Asks: 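Here it is, the structure, as structure tokens.
Everything numeric here is computed off the predicted structure, so don't read it as measured data. Keep in mind that the numbers below use all heavy atoms, side chains included, and drop hydrogens, waters and symmetry copies. Per chain, numbering begins at 1; letters A, B, ... match sequence-line order.
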2 protein chains.
Amino acid sequence: MASDVKSPTGPRSRADALDEPTCTAADAVLSTLATQASRLRTRRGQNIALTLEGGEAVFIVRSGAFMLHVTMPDTPRQVVAFFFRGDVLRSSFAPPHANATLTSASAAEVWRLRWTVLEGLAAADPALACFLQDAMATQMARHAVHVAAIGQFSGEQRVATVLTELAMRTGMPTPAGGLMLDMPFSRKDIADYLGLNSDTLSRIMSRLRSTGVLGHSERSRALVRDFQALARLSPAARSLAEIHRGRRGGHCQSKLD
Amino acid sequence: MASDVKSPTGPRSRADALDEPTCTAADAVLSTLATQASRLRTRRGQNIALTLEGGEAVFIVRSGAFMLHVTMPDTPRQVVAFFFRGDVLRSSFAPPHANATLTSASAAEVWRLRWTVLEGLAAADPALACFLQDAMATQMARHAVHVAAIGQFSGEQRVATVLTELAMRTGMPTPAGGLMLDMPFSRKDIADYLGLNSDTLSRIMSRLRSTGVLGHSERSRALVRDFQALARLSPAARSLAEIHRGRRGGHCQSKLD
DNA sequence: CGCTGAGTTGAGAAGGTTCAAGGTATGTGG
DNA sequence: CCACATACCTTGAACCTTCTCAACTCAGCG
């Protein structure tokens, strides 16, 4: 597989990065919102109301991690998505009658605006409109990966996938050549994201630890000893790498190319 | 549950329909695209290239049914979403390196534009921008329901959910008080959408037939004898009803309210 | 020091999957 | 019009993964 991964252009390659730079840098675009948005600072575990005085709101994540989860009647909850810096969420993304909740998984900051306000600003500022559309597109692509993982991957593949994703978001290299990840999400959160039982998740992670892919670490942190082995376990590793390219600096990127 | 369903406003009710009518009728908005888009007519089973001369494209479904499916290395394919009239899809919604394919499930019509063109038109026409944003929002909500179904529902609940969804899209009432659905998707398609094996799907549908929820019918068609019983089997029935409200006329709506 | 909540682990049960065989509709060519 | 081929669907039996439930560990904390 190593040689396969070397080729940056896969079969059926879709739009190249060439299409995307129409958008100017996200931070420049967003700076214009600073005066319009309320900046919410959250602590771990805090729930955020999805609507604003009963109306539609938008949330733009500035730092930290959030998750959107839903609970359909008579079923356990499902974590629909994780959100990190740059992600955008509208109230109406949450299905009605589904007991949807937006929860902060770590100390975090999110900007909130009335949707109608942001809509108006986007109408006047093409760069902002583009930023929003591209945020949607990226999230749709991540969503597709998530669905494929829940629908078709084995337990181990799912766990490897979510760890790969977190490694790309928050992984920092360690002297020993591994990666240290922040784990803002609890075992239960991750299990609910993956459609697994948390006992099963725990078993799988123990197995990964015993095969040397993961290492021991303090709570709310995880040590990936062998990122390439982890990526090899996840059928979605290359997709995720491509999706995350251009977002953060990415210490993992180089290891897949 | 019948009495529960009577109340139109659930707990934690999110933005009311009041927010949405900012958008003018979809058909009026889209009519302005008629000269810009290529109208593709497809037959059942036809694959549509996701990119347009290597660049990013948008597809707006006008009639018929489509599905987007992805296949990650070493895993079976996953149908990520079904698309019907009014749905919008960008090339970049498909994750890279995932062997993504857009397939027509029936004779259908879809409009295709270069994304940059539609982006320009939307910048000039707020109603179009609003239509696009709301299409995204609806699809995100449906996506959340789909993830919850795959992640947390039992096989029977998943099947009931997809049948409920199809009933809301394409169901026509029969003299006997049931609903006749077009089934543009094969058993395998539906199984891949639900993250089930097609053998299992077949077994579940047989069971539903033997319990009188479904009836016998010709191929590529399904007969729902008792829609309310079906909806009772799906934890997502109320969510779906709410999401679809205001889209088609919906013969099913009245039965849930 | 005992409480609490999160994580781990084992044994048995449940639900899906796999594989293989048979059935049923649709289309094709004689 | 029939015989045949094909694709799709159905069903049964054995198997396997994951879930369930319960016991246990461990860290943080009053």
Asks: Decide yes or no on salt bridge (charged side-chain N to carboxylate O under 4.0 Å, His left out) for D199(B) and R187(B), but give the supporting numbers first.
Replies: CA-CA 9 Å; D199(B) 302 287; R187(B) 288 281 187 278; over 6 Å; no
Asks: For the side chain of L196(B), counting heavy atoms from C-beta on, which of dT17(C), dT11(D), dC19(D) is nearest?
Replies: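 Ranking dT17(C), dT11(D), dC19(D) by closest atom to the L196(B) side chain puts dT17(C) first.
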Asks: Closest-nucleotide mapping onto DNA chain D: is S154(A) or M205(B) further toward the 5' terminus? I mean the 5' end.
Replies: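 With S154(A) and M205(B) compared, the 5'-side residue is M205(B).
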Asks: Mind checking if R209(B) touches a base, just sugar-phosphate, or nothing, with heavy atoms under 4.0 Å?
Replies: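 Sugar-phosphate only.
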Asks: Name the nucleic acid region contacted by G45(B), choosing base, sugar-phosphate or nothing; use a 4.0 angstrom heavy-atom cut-off, strictly under.
Replies: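 No contact.
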Asks: Is it true that a side-chain atom of R85(B) and a backbone atom of R62(B) form a donor plus acceptor pair closer than 3.5 Å?
Replies: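 Present.
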Asks: Under 4.0 Å: is that the gap between some side-chain N or O of R203(B) and OP1 or OP2 of dT17(C)?
Replies: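 No, no such contact exists.
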Asks: Calculate the interatomic distance between H216(A) atom NE2 and dA27(D) atom C1'; express it in whole Å.
Replies: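 One finds 16 Å between C1' of dA27(D) and NE2 of H216(A), rounded.
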Asks: In whole angstrom, what separates R221(A)'s CZ from dG7(C)'s P?
Replies: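 Interatomic distance, CZ of R221(A) to P of dG7(C): 15 Å.
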Asks: Touch check for R207(A), heavy atoms < 4.0 angstrom, all strands: base, sugar-phosphate only, or nothing?
Replies: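 If one applies the 4.0 Å heavy-atom cut-off, R207(A) turns out to touch nothing in the nucleic acid.
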Asks: Counting only heavy atoms not in R225(B), do more than 12 fall under 6.0 Å of its CZ?
Replies: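 No, the 6.0 Å shell around CZ holds no more than 12 heavy atoms from other groups.
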Asks: On the nucleotide dA7(D), are OP1 or OP2 found under 4.0 Å from the side-chain N or O atoms that R187(B) carries?
Replies: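 No.
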Asks: Nearest whole angstrom, please: distance from the C1' of dT11(D) to the CG of L201(B).
Replies: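 Spelled out: CG on L201(B) to C1' on dT11(D) is 14 Å.
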Asks: Looking only at side-chain atoms of S206(B), point me to the closest of dC19(D), dT18(C), dT10(D).
Replies: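 Among the listed nucleotides, the one closest to the side chain of S206(B) is dT10(D).
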Asks: With side-chain contact (heavy atoms from CB on, under 4.5 Å) as the criterion, how do I190(A) and L196(A) come out once you've worked through the C-alpha distance, each side chain's angles and the decisive distance to 0.1 Å?
Replies: CA-CA 8 Å; I190(A) 293 179; L196(A) 288 175; over 6 Å; no
Asks: Would you kindly check whether a donor in the side chain of D199(A) faces an acceptor in the base of dC21(D), or vice versa, at under 3.5 angstrom?
Replies: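 Check passes, donor-acceptor contact within cut-off.
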Asks: Within this structure, what is the CG-to-P distance between N197(B) and dA20(C), rounded to whole angstrom?
Replies: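 That distance rounds to 14 Å.
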Asks: Are F82(B) and F185(B) close enough that their ring centres sit under 6.0 Å apart?
Replies: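 Yes, the ring of F82(B) comes within the 6.0 Å limit of the ring of F185(B), centre to centre.
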Asks: Measure the distance from CD1 on I204(A) to P on dT9(C) and round it to the nearest whole Å.
Replies: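 These atoms are roughly 13 Å apart.
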Asks: Find the distance D192(A):CG to dA6(C):P and express it as a whole number of Å.
Replies: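 Answer to the nearest Å: 12 Å.
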Asks: For dG16(C), take OP1 and OP2 only and decide whether either is under 4.0 Å from a side-chain N or O of T200(B).
Replies: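 No.
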Asks: Taking any heavy-atom pair under 4.0 Å as a contact, classify S186(B): base, sugar-phosphate, or nothing.
Replies: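 Sugar-phosphate only.
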Asks: Tell me: CD of Q157(B) to C1' of dG16(C), nearest whole Å?
Replies: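 Interatomic distance, CD of Q157(B) to C1' of dG16(C): 15 Å.
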Asks: Between atom CD in E218(A) and atom P in dG28(D), what is the gap in whole Å?
Replies: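 Distance check: E218(A) CD to dG28(D) P gives 10 Å.
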